[in-house]
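Beneath this line is the structure, given in structure tokens, with notes to follow.
Below, read A as the first sequence line, B as the second, and so on, with proteins coming before strands; counting in each chain starts at 1.
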Amino acid sequence: MAELYIRVAEDENEEPMEIPSEDDGTVLLSTVAAQFPGACGLRYRSPVSQCMRGVRLVEGVLHAPENGWGNLVYIVNYPKDNKRKMDEIDASSAVKIKRGDQKTSDLIVLGLPWKTSEQDLKDYFSTFGEVIMVQVKRDVKTGNSKGFGFVRFTDYEAQVKVMSQRHMIDGRWCDCKLPNSKQGPDEPMRSRKVFVGRCTEDMTAEELRQFFMQYGEVTDVFIPKPFRAFAFVTFADDQVAQSLCGEDLIIKGVSVHISNAEPKHNNSRQMMDRGGRFGNGGFGVHHLFSNFPGRSPSLAAMFERSQYQFPSSHV
DNA sequence: GTTGAGCGTT
């Protein structure tokens, strides 16, 4: 199938944008999201029924209606929660890079009584504003509270208020502070790859890809096996990656922490090397490849992958 | 079954 475009717009009155399809006639959701950040699907008005119809979406792939895409204008679907946020963004901006300084982050809650539960925390902090995440950290073996936890608010105002005072929770004074993980911004070297900490085992690579797509084109997702509670996500654009570093994002109700992908133990030569770095994501790909170039399809595949994982200065 | 400054299974 030759070059085919489908017409997509944010609503029926707007001028449509032409979006390329794949060779098999499908359209990737990621292609749509590249032009309409945050998009989660497409719909269109059926010429027969005059009703809006959803476009079939299977694992990030949009499938044409029975009679093909035709010349219809397809309307972008946004997640219910994101709709308003997306509208606030300049419609012409493809990717949101600069984001407001009103963003909230997790707060550590120190000094909790041993008995305090997550429900207790949620009940207490809800008086300050909408709470979107609470955690009580516990010993994995015993389940006993470690006496601290985390809370995250929807609104920055609530966060500021909570940070500004002490809290009497279940009979003890507690402090809410920015966690250390947020305060020391290590040198931000330009990388397209970010480290995603505090992942849970049920997060699939596909889910992570779908989630991070809203910020920009994702070129790779790497989840170590066996489970290690972190992942690497690589974007096409390093600015997107950098813009996320230091943030806490909520995925499937879990607060993950985004930071720069390079390990702390950079040796100095690599660090001096024009900001180059060596986050090989746990593989010894470079060694394998330079010793046995092109020996097997899997090595070739790993090399392909390495082009995403290494900065261009190393490839 | 204990405790009371800290930092979230990198």
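- Among the protein residues, A:L112 comes within range of the nucleic acid bases, having at least one heavy atom under 4.0 Å from a base atom.
- When each of A:F227 and A:L110 is assigned the nucleotide of DNA chain B bearing its nearest heavy atom, the one mapping closer to the 5' terminus is A:L110.
- Listed by first then second residue, pairs satisfying side chain to side chain donor-acceptor pair (under 3.5 Å) with a partner in residues 49-60 of chain A read A:S46-A:S49, not counting sequence neighbours.
- Of the candidates B:dT10, B:dG4, B:dG8, the closest approach to any side-chain atom of A:R172 belongs to B:dG4.
- Going from atom NE2 of A:H257 over to atom P of B:dG8 covers 11 Å, rounded to whole Å.
- No hydrogens or angles were tested; on distance alone, a donor-acceptor pair under 3.5 Å links the side chain of A:D106 to the base of B:dG8.
- In this structure, A:Y215 and A:F212 have tilted ring planes: the angle between them lies in the 30° to 60° band.
- Looking at heavy-atom distances under 4.0 Å, A:P113 makes contact with a base.
- Remark: P of B:dT9 and CD of A:E201 are 14 Å apart, rounded to the nearest angstrom.
- Using the six-membered ring where Trp is involved, A:Y74 and A:W69 have ring planes that are perpendicular, over 60° apart on the 30 and 60° scheme.
- Residue pairs meeting the salt bridge (Lys or Arg N to Asp or Glu O under 4.0 Å) criterion with at least one partner in residues 31-45 of chain A, sequence neighbours excluded, are A:E12-A:R45.
- Atom CZ in A:R166 sits roughly 11 Å away from atom P in B:dA5 (whole-Å rounding).
- Counting to the nearest Å, the C1' atom of B:dC7 and the CG atom of A:L178 are 12 Å from each other.
- For the segment residues 114-139 of chain A, the set of residues with a heavy atom within less than 4.0 Å of an atom of DNA chain B comprises A:W114, A:Q135, A:K137, in numerical order.
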Contacts table for residues 121-134 of chain A: side-chain donor-acceptor under 3.5 angstrom, sequence neighbours left out:
from: A:D123; atom 1: OD1; to: A:Q119; atom 2: NE2; distance (Å): 2.9
from: A:Y124; atom 1: OH; to: A:H167; atom 2: ND1; distance (Å): 2.7
from: A:S126; atom 1: OG; to: A:K122; atom 2: O; distance (Å): 2.6
from: A:T127; atom 1: OG1; to: A:Y124; atom 2: O; distance (Å): 2.9
from: A:E130; atom 1: OE1; to: A:T154; atom 2: OG1; distance (Å): 3.2

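- Heavy-atom nearest nucleotides on DNA chain B were determined for A:T142 and for A:I108, and the one closer to the 5' end corresponds to A:T142.
- Every residue two or more places apart in sequence or in another chain that forms a side chain to side chain contact (heavy atoms under 4.5 Å, CB included) with A:A205 is listed here: A:V221, A:I223.
- Grouping Ile, Leu, Val, Met, Phe, Trp and Tyr residues whose side-chain heavy atoms lie under 4.5 Å apart, directly or via other members, places A:I75 in a hydrophobic cluster with A:M52, A:V73.
- Looking at residues two or more places apart in sequence or on another chain, you find a side chain to side chain contact (heavy atoms under 4.5 Å, CB included) between A:D139 and A:K141, A:T142.
- For the contact set between residues 145-153 of chain A and DNA chain B, defined by any heavy atom under 4.0 Å, the members are A:K146, A:G147, A:F148, A:F150.
- The hydrophobic cluster around A:W173 extends to A:M168, counting ILVMFWY residues whose side-chain heavy atoms fall within less than 4.5 Å of a member.
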